[in-house]
Amino acid sequence: MYSIEEQQKFNALTQKLLGKSVYLALPEFIQDLRNTINYHDWRYYVLSEPVITDYDYDKLFAVLKRIESANPSLQTPDSPTQRVARGLTSEFESVQHLAAMLSLENSYNQGDLNDFDRKTKELTNTEHTEYCVEPKFDGSSIALVYENDLLVRAATRGDGTAGDDITNNAKALPSIPLRAPFSKYGIHKIEIRGEVIIQRSVFEKMNEERKRKGEKVFQNARNTASGSLRTKDPNESRARNLEAILYHISFAEDAGGNNLLKEKLVSHFHCIEILYNCGFKTPIHEMRVCQNIDDVHLFIQTWDSKRHIFNIDTDGMVVKVNSLQQQQQCGSTTHHPRWAIAYKFAAKQAHSKLLKVEFQVGRTGAVTPVAKIEPVPLAGVTISSISLHNEDFISEKDIKINDTVIVERAGEVIPYIVGVVETLRTGAEYPVDFPRQCPSCNSPLIKPDEEAVWRCDNADCPAQTEERVIHYVSKDAMDIDGCGRETVIEFIQRGYIKTIEDLYRLPYEQILGLEGWKEKSVNNLKAGIEDSKNRPLWRLLNALGIRHVGVTTSKDISNHIHSIFDLAKMSVDDLTNIEGIGPKVAQSIVGFFHNSGNTHLLEELHALGVNTINRAEDARSKNNKLEGKTFLFTGSLQQFTRDRAKQLVEENGGKLLSGVSANLNYLVVGEDAGSKLAKAQKIPSIIVLSEDDFLNMIA
Ligand code: AMP
Ligand code: ZN
């Protein structure tokens with residue numbers, strides 16, 4: 001940004017330059033000319049408030065070009081003439097980002113925002129978190145690196161770690177300053193992130209123009225932006241009227257190599273101010289700092305309608321923890337920062353007709369009504385089948401067969417029925433008839449008072465068996481390779497499987513004779529099933545499909561028992577003594593073992609060789625506190641040896657890395673830490689821990 005005085009100075013200088021009839025190739029004069037043109041670029045492309053005519057601008061530009069080409073030694077890298085690159089790029093080189101370029105987690109409603117707020121407060125251990133909210137620009141992301149105030153590199157996001165070097169194309173975008181006064185802020189080297197977009201009105205004009213010329217029109221602004229950013233001809237990038245909006249400083253260092261994101265830069269808003277003051281387009285006029293999550297939600301709502309008249313495509317808002325210190329405390333997963341979340345605007349809706357309702361029996365006997373609707377495309381997929389949850393859901397929404405239903409789907413979320421359009425009723429609608437008998441085995445359904453769900457209580461119900469076996473072999477349970485849903489259904493239909501234990505007595509010779517089965521696939525299946533005899537106890541526990549007992553509960557429980565048969569002897573009180581187990585879960589477990597069919601199943605599995613005990617080697621990997629996190633130890637450790645440290649990380653589900661990189665989450669430092677620490681401090685996403693911090697993490 002130029003101060004008022006600077007603006008006055010350049011306006012006067014412009015008049016002086018335009019008034020000249022002779023231009024001398026003097027360095028000071030050329031510098032004036034360059035600075036003046038850069039100033040007008042800023043007025044035009046960043047502020048959209050030009051103060052000279054295109055004709056005068058072109059005149060100044062032509063003079064500069066002429067003098068520079070006659071005197072190449074007077075050319076500088078920040079000269080506006082450098083934006084017009086020569087020649088084509090043959091192939092983009094891949095370059096490493098200075099900090100990983102991650103995705104954003106999505107949220108869709110106030111509840112999601114509240115969860116986010118709760119988590120950030122937990123992670124930062126504070127009562128109060130300030131948030132910055134700004135539009136999520138729908139374009140193509142870009143990372144710019146400036147060194148000594150000069151643009152030295154521009155890259156696309158790529159895979160997040162490395163992207164394509166598109167420096168020449170970026171230089172062609174007039175809204176990206178070739179020189180930016182970061183040194184005013186003590187910044188020597190900086191990486192900034194943003195989005196390259198095409199304004200809506202510009203895009204429409206462009207398409208009109210193409211239509212007029214008989215050229216193919218572009219589909220949408222976003223794809224056009226990302227395509228144009230990667231064209232081989234930088235002049236194309238310029239011609240497509242791309243603009244860059246910068247919204248993040250991902251790396252900032254002073255001349256001494258100190259990480260300014262940890263020292264001088266205090267908040268996201270502060271970062272945006274710096275970018276704004278350095279002459280970039282930023283969301284500064286669209287953003288707001290909110291003191292609490294309710295304000296965040298309110299502000300987002302005001303944007304929900306505003307976005308339609310906003311000249312840039314947005315598909316949501318981004319909520320960011322304002323304090324950089326708190327951002328660091330939150331850290332990141334390998335996929336997204338934990339200090340930011342995208343809020344996706346109102347789900348897309350569609351109308352369709354409810355053709356019929358089918359009833360599915362789950363593995364615990366719960367009967368779920370499923371709406372079959374006329375197939376309708378929505379947010380990228382075609383929807384024909386939607387869960388109606390339970391009888392209450394149907395009666396609350398007064399959903400009838402033949403009704404026009406409103407279907408909604410937000411992002412990747414499962415579609416659901418918002419309600420029906422009563423005004424479109426024709427009289428052909430009739431109520432959904434909820435069965436009182438199991439659609440699979442005809443047993444009478446029962447519904448405990450406190451529950452919304454009807455169930456089939458027949459342990460031999462074929463539909464339940466199917467779901468139970470499918471659950472048993474699934475990834476989170478026994479994880480049986482070569483045996484998926486389709487296989488289970490086929491084997492049940494052929495009568496090979498009547499109960500879970502039949503999995504271990506499959507007639508392989510017969511299977512080999514079936515269509516689609518070859519020696520290799522049968523061997524695979526056999527190996528997968530043999531392998532499953534050797535799973536840790538928690539997997540078996542989860543695989544049994546006891547209501548309310550999932551992966552986490554199974555792990556909690558299996559740490560407290562020696563054998564699965566111990567569970568059969570435990571009372572509700574015994575069970576609730578285990579941390580993480582409440583009365584509902586305990587009741588359900590006791591109930592499960594009351595059923596002689598279930599105890600028989602376990603005895604059979606045991607006799608067939610399936611592991612039923614808690615083995616020492618499994619116990620070691622009992623914890624997943626550090627799951628998905630990466631660690632590195634450096635310096636001389638005082639409280640444990642390197643080997644022990646490694647063991648602790650692995651036992652808790654974490655992973656060790658051998659060097660400092662953007663993939664590293666935590667660096668644990670002992671005494672006299674050296675170069676690794678220095679290197680880690682330059683990567684903002686890495687959290688540095690003391691040995692005590694580390695021990696606390698796993699305590
Ligand atoms: P997604 O790729 O959908 O997970 O969303 C993450 C992407 O949103 C980032 O990589 C950015 O390119 C983009 N984005 C757009 N506007 C913003 C913004 N204001 N702050 C952060 N990211 C944004
Ligand atoms: Zn049944």
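Because the structure is predicted, anything quoted here is derived from the model rather than measured. Counting starts at 1 for both ligands and their atoms, in listed order.
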Looking at atom 19 (N) of ligand 1, what's its closest protein heavy atom, distance included?
Glu134 OE2, 2.8 Å
Can you label the angle between the Phe359 ring and the Phe434 ring as parallel, tilted or perpendicular, going by 30° and 60°?
perpendicular
Starting from atom 16 (N) of ligand 1, find the nearest protein heavy-atom neighbour and note its residue, name and distance.
Phe137 N, 2.9 Å
For atom 12 (O) of ligand 1, what's the nearest protein heavy atom and its distance?
Glu195 OE1, 2.7 Å
Determine whether the side chain, the backbone, both or neither of Val318 has a heavy atom under 4.0 Å from any heavy atom of ligand 1.
side chain
Please state which protein non-hydrogen atom is closest to atom 1 (P) of ligand 1 and give its distance, to 0.1 Å?
Ser103 OG, 3.8 Å
Quick one: look up the protein heavy atom nearest atom 20 (N) of ligand 1 and list residue, atom name and how far away it is.
Lys320 NZ, 2.9 Å
Between His285 and Tyr276, how do the two ring planes meet: parallel, tilted or perpendicular, split at 30° and 60°?
perpendicular
Return yes when atom CZ of Arg363 has more than 12 non-hydrogen atoms of other residues, nucleotides or ligands closer than 6.0 Å, and no otherwise.
yes
Given atoms SG of Cys461 and SG of Cys456, what angle do they subtend at the Zn ion (ligand 2), to the nearest 10 degrees?
120°
In terms of the angle between their ring planes, are Tyr146 and Phe280 parallel, tilted or perpendicular, with boundaries placed at 30° and 60°?
perpendicular
Here the vertex angle at the Zn ion (ligand 2) for SG of Cys441 and SG of Cys438, given to 10°, is 110°
Heavy-atom contacts under 4.0 Å between His248 and ligand 1: side chain, backbone, both, or neither?
neither
Please state which part of Arg157 comes within less than 4.0 Å of ligand 1, counting heavy atoms only: side chain, backbone, both or neither.
side chain
Can Ala340 be said to touch ligand 1, with heavy atoms closer than 4.0 Å?
no
